Structures are given as C-alpha cells and as structure tokens.
A.B. asks: 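I have a structure I would like to understand better, so I am pasting it below and will then ask my questions one at a time.
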Amino acid sequence: MSSDVSRGHLGELTQRWAQDGLRRGARWFGIACACLPMLEVLDAHSVVDALLAGLSAGVWPALPLWVWGLLLWLAGCGVAAGRLIAWLAPRSRMRLFAACVVLHAWFALAAGVRASGLVALACFGLSFVALRAARDTWPLGHPGAPG
C-alpha cells in the first residue's frame with residue numbers, strides 16, 4: 001500500500017517536472033522568436049541612444065510612435081509564439097520549432113545581422129534543450145492528450 005502512494009507522488013513529481021520543462025522551453029522559444037527582429041529594430045532606429053539621450057535631458061525620447069508600436073507588436077508575437085508551442089502536441093511542437101528556426105536563419109542571412117542572429121541562435125538552443133527534455137509531454141488540459 002505504501003509503495004502505491006509513493007508511486008503516485010513520484011508520478012506527480014515527474015509530471016510537474018515535465019510541465020516545468022515545457023514552460024521553460026516555450027518561454028525561451030518566445031524570446032528567441034522575438035529577439036532577432038527586436039534587436040534589429042532597436043539597432044536600426046537607435047532606440048537605446050534615444051532613451052539615454054532622453055534620460056540625460058529629462059525628456060521623452062525622440063522616437064516615432066510607430067517604432068514603439070512595432071516593438072510592442074514584436075514582443076506580443078514572441079509571447080504568442082511561446083504560448084502556441086506550449087499548447088501544441090509534441091510532434092507539432094517540433095515542426096513549428098524547425099520552421100521558426102529556418103525562418104529566423106534566413107532572415108539573419110538576408111539582413112546580414114550577425115550579432116543578433118547569434119543571440120537568437122543561443123535562445124533557440126536553450127529552447128531546443130528544454131523542449132527536447134519535455135518532448136513527450138502534453139500540455140495540461142490538451143484535448144488530444146492521451147488518457
């Protein structure tokens with residue numbers, strides 16, 4: 001009887017670890033999807049320089065409103081990508097991951113962005129490791145999860 005109880009607790013602990021790994025991988029995937037275009041926008045429009053100049057002068061940074069909107073939209077896309085990959089079935093998850101890596105690699109090569117491409121690659125690597133650790137994990141409440 002005692003071993004049945006301990007197996008139940010061990011199964012719950014294993015499930016919790018798998019779900020944590022899935023959330024961690026999804027979080028890094030969202031960061032990876034957003035970081036390359038965000039770093040490119042930050043660099044192209046000198047957002048950091050404008051922020052520092054605004055702080056030193058005590059005024060709002062002189063940036064067009066559409067740049068702030070674009071950064072907000074890219075951050076939202078990263079959050080949505082992370083939530084989507086966390087909700088997908090394991091096989092579909094890896095297909096989406098591969099498609100996004102290819103898309104980002106193509107963008108980095110076409111745009112000639114080396115540093116931000118390496119940052120995105122590192123984030124995709126962290127995401128891949130966490131998602132592979134949770135490769136057979138179904139999201140809690142997923143309608144296709146095995147019973």
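Just so you know, these numbers come straight off a predicted model, no measurement behind them.
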A.B. asks: Could you tell me the separation between the OG atom of Ser46 and the CG atom of Leu52, rounded to the nearest 0.5 Å?
C.D. replies: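 Going from OG on Ser46 over to CG on Leu52, the span is 11.0 Å.
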A.B. asks: For a quick test of reading the model, state the closest non-hydrogen atom pair linking Cys123 to Cys35 and the distance between them.
C.D. replies: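 The pair with the smallest heavy-atom distance is SG-SG, 4.4 Å.
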A.B. asks: Is there a path of hydrophobic side-chain contacts, each under 4.5 Å between heavy atoms of I, L, V, M, F, W or Y residues, that connects Leu84 with Leu131?
C.D. replies: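 They do share one cluster, since a chain of ILVMFWY contacts under 4.5 Å joins Leu84 to Leu131.
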A.B. asks: Enter the distance from Arg27:CZ to Ile31:CD1 here, rounded to the nearest 0.5 Å.
C.D. replies: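 Between Arg27 CZ and Ile31 CD1, I get 7.5 Å after rounding to 0.5 Å.
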A.B. asks: So if you build clusters from Ile, Leu, Val, Met, Phe, Trp, Tyr with side-chain heavy-atom gaps below 4.5 Å, do Leu71 and Leu39 land together?
C.D. replies: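 Same hydrophobic cluster.
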A.B. asks: Please report the interatomic distance CG(Leu65) to CG(Leu70), rounded to the nearest 0.5 Å.
C.D. replies: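 Between Leu65 CG and Leu70 CG, I get 11.5 Å after rounding to 0.5 Å.
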A.B. asks: Quick one: side chain to side chain donor-acceptor pair (under 3.5 Å) partners of Arg132, sequence neighbours excluded?
C.D. replies: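 If we apply the side chain to side chain donor-acceptor pair (under 3.5 Å) test to Arg132, skipping adjacent residues, there are no hits.
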A.B. asks: Compare every heavy atom of Leu36 with every heavy atom of Ala120, then report the nearest pair and how far apart it is.
C.D. replies: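 In this case the closest contact between Ala120 and Leu36 is CB-CB, 3.9 Å.
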A.B. asks: With a sphere of 6.0 Å drawn around CH2 of Trp73, does it hold more than 12 non-hydrogen atoms of other residues, nucleotides or ligands?
C.D. replies: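 Counting other residues, nucleotides and ligands, CH2 of Trp73 stays at 12 neighbours or fewer.
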A.B. asks: For the CH2 atom on Trp17, are there more than 12 heavy atoms of other groups (residues, nucleotides or ligands in this structure) within a distance under 6.0 Å?
C.D. replies: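 For Trp17, atom CH2 is not crowded (no more than 12 foreign heavy atoms under 6.0 Å).
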A.B. asks: If you measure from CG on Asp136 to CG on Leu22, what distance do you get to the nearest 0.5 Å?
C.D. replies: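 Going from CG on Asp136 over to CG on Leu22, the span is 11.5 Å.
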A.B. asks: Got a donor-acceptor contact below 3.5 angstrom from the Gln19 side chain to the Trp138 backbone?
C.D. replies: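 Checked: pair present.
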A.B. asks: In Å and rounded to the nearest 0.5 Å, what is the CH2 to CG distance from Trp60 to Leu51?
C.D. replies: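 One gets 8.0 Å once the value is rounded to the nearest 0.5 Å.
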A.B. asks: Can you name the nearest heavy-atom pair linking Val47 to Val67, along with the distance?
C.D. replies: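 Minimum heavy-atom separation between Val47 and Val67: CG2-CG1, 4.0 Å.
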A.B. asks: Under 3.5 Å, sequence neighbours excluded: what are the donor-acceptor pairs made by side chains of residues 90-110?
C.D. replies:
residue: Arg93; atom: NE; partner: Ile85; partner atom: O; Å: 3.3
residue: Arg93; atom: NH1; partner: Ala134; partner atom: O; Å: 3.3
residue: Arg93; atom: NH1; partner: Thr137; partner atom: O; Å: 3.4
residue: Arg93; atom: NH2; partner: Leu88; partner atom: O; Å: 3.0
residue: Arg93; atom: NH2; partner: Thr137; partner atom: O; Å: 2.8
residue: His104; atom: ND1; partner: Cys100; partner atom: O; Å: 2.9
residue: His104; atom: NE2; partner: Cys33; partner atom: O; Å: 2.9

A.B. asks: Quick one: sort the His45 and Trp66 rings into parallel, tilted or perpendicular, breaks at 30° and 60°.
C.D. replies: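 Taking Trp66 first and then His45, their aromatic rings stand perpendicular (interplane angle over 60°).
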A.B. asks: Tell me, do Met38 and Val41 make a side-chain contact under 4.5 Å, heavy atoms counted?
C.D. replies: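 Met38 does not reach Val41 side chain to side chain.
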A.B. asks: Restricting to side chain to side chain donor-acceptor pair (under 3.5 Å), what partner residues turn up for Asp49, sequence neighbours left out?
C.D. replies: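 Residues passing side chain to side chain donor-acceptor pair (under 3.5 Å) with Asp49: none at all.
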A.B. asks: Please find the pair of heavy atoms, one from Ser56 and one from Ala53, that lie closest to each other, and give the distance.
C.D. replies: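 The pair with the smallest heavy-atom distance is OG-O, 3.0 Å.
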A.B. asks: In terms of hydrophobic clustering (I, L, V, M, F, W, Y; side-chain heavy atoms under 4.5 Å; direct or indirect links), are Phe29 and Phe128 co-clustered?
C.D. replies: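 Yes, because Phe29 and Phe128 connect within a single hydrophobic cluster, where side-chain heavy atoms sit under 4.5 Å apart.
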